[in-house]
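This one's a predicted model, so the numbers in the text were calculated from it and none came from an experiment. Side-chain atoms are counted along with the backbone in the values below, which use heavy atoms only and exclude waters and symmetry mates.
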Amino acid sequence: MIALELALRDPERIGRLVVANSFDKTSTPVFHALAEGRATNFEHPGGPVQRLEQSRPSLVSPAFQTTPEGLRTYQVWHGIAATADGASLAHVARGIGAFDVTERTASFAMPTLFIAGNLDGMSPPETSHCMAERAPQGRYAGLDGAAHISNVDSADRFSARLLEFLGEGTERPDIPGSNGQKNLRRGWMAPATTDCVQSETRGGCVSTAQNVAPWRRSG
């Protein structure tokens, strides 16, 4: 939702936009009731951990949950939840209930990829599909067998879709005939001996690099 709002407020700074498993509207009675229930849960002692344990079945796919990677991921999340500030999370839960960009998505000025998992019960695929249809340069990518956090339970397929989309239109310095210059709107590094500054909103990380090897994605 933050990405959607930024793209609408400052479209000139964003070359390509990826919105995964998200919403275009939370200002509904149903969502308000859901958010208040979560906020109240967070405020109880051990609330963040309890909330994680309750929501885990819907966060990632059943197939991923039982894998070694799935179990490790849950252990990491459990540790994070155990040290989280419940009161702070409650403020977040209550604060996102006025979001609505349903009509404004028609004004997106950049290519936008909407990704959704077909098992996502929190943000149904239909929501992403409708946003993609409204956005002038929108497209939809569905991931079969993926749940709400599809970049975790279907990481390889998610990353493949992501990189394919972000890589469209980039110039590769190792291709004959390419001018070898970094495409600022795509976030690729320039050839060696060239200084460059990357912007996070343009697909890379905020960094200044010198003597960087060509065709290396900055981390």
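For the atom pair CG of Leu166 and CZ of Arg16, the computed distance is 7.5 Å after rounding to the nearest 0.5 Å.
Heavy-atom minimum distance, Phe23 versus Thr127: CA-CG2, 4.2 Å. Closest heavy-atom contact between Ala147 and Asp153: N-OD2, 2.9 Å. Here the closest heavy-atom approach between residue Gln137 and residue Pro111 is recorded as OE1-CG, 3.5 Å.
In this structure a side-chain-to-backbone donor-acceptor pair under 3.5 Å is present from Ser58 to Ser55. A donor-acceptor pair under 3.5 Å links the side-chain atoms of Arg157 to the main chain of Asp144, judged by distance alone. Remark: the backbone N or O of Gly145 is paired with a side-chain donor or acceptor of Asn118 at under 3.5 angstrom.
In this structure, the side chains of Val19 and Leu113 stay at 4.5 Å or more apart for every pair of heavy atoms. For the pair His78 and Glu53, the minimum side-chain heavy-atom distance is below 4.5 Å. Side-chain contact between Tyr140 and Pro125 is present, with heavy atoms from C-beta onward closer than 4.5 Å. Using a 4.5 Å cut-off on side-chain heavy atoms (C-beta onward), Pro68 and Leu71 make no contact. Under the 4.5 Å side-chain criterion, counting only non-hydrogen atoms from C-beta, Asn21 is not in contact with Ile149. Inter-residue side-chain proximity for Arg104 and Glu5 is flagged as met; some heavy-atom pair is nearer than 4.5 Å. Looking only at side-chain heavy atoms (C-beta outward), Phe99 and Leu4 come within less than 4.5 Å of each other. Taking the side chain as every heavy atom from C-beta outward, His148 and Leu119 never approach each other to under 4.5 Å.
Counting non-hydrogen atoms of other residues, nucleotides and ligands closer than 6.0 Å to CG of Asp85 gives a total above 12.
Ring planes of Phe114 and Phe108: tilted class, angle from 30 to 60°.
A side-chain N or O of Asn41 and one of Gln54 form a donor-acceptor pair less than 3.5 Å apart.
Both Tyr74 and Met122 are members of a single hydrophobic cluster when ILVMFWY side chains are connected at heavy-atom separations under 4.5 Å. A continuous path of ILVMFWY side-chain contacts below 4.5 Å connects Phe31 to Met131, so both sit in one hydrophobic cluster.
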Walk me through whether Arg72 and Thr67 qualify under side-chain contact (heavy atoms from CB on, under 4.5 Å). CA-CA 9 Å; Arg72 284 193 295 267; Thr67 65; over 6 Å; no
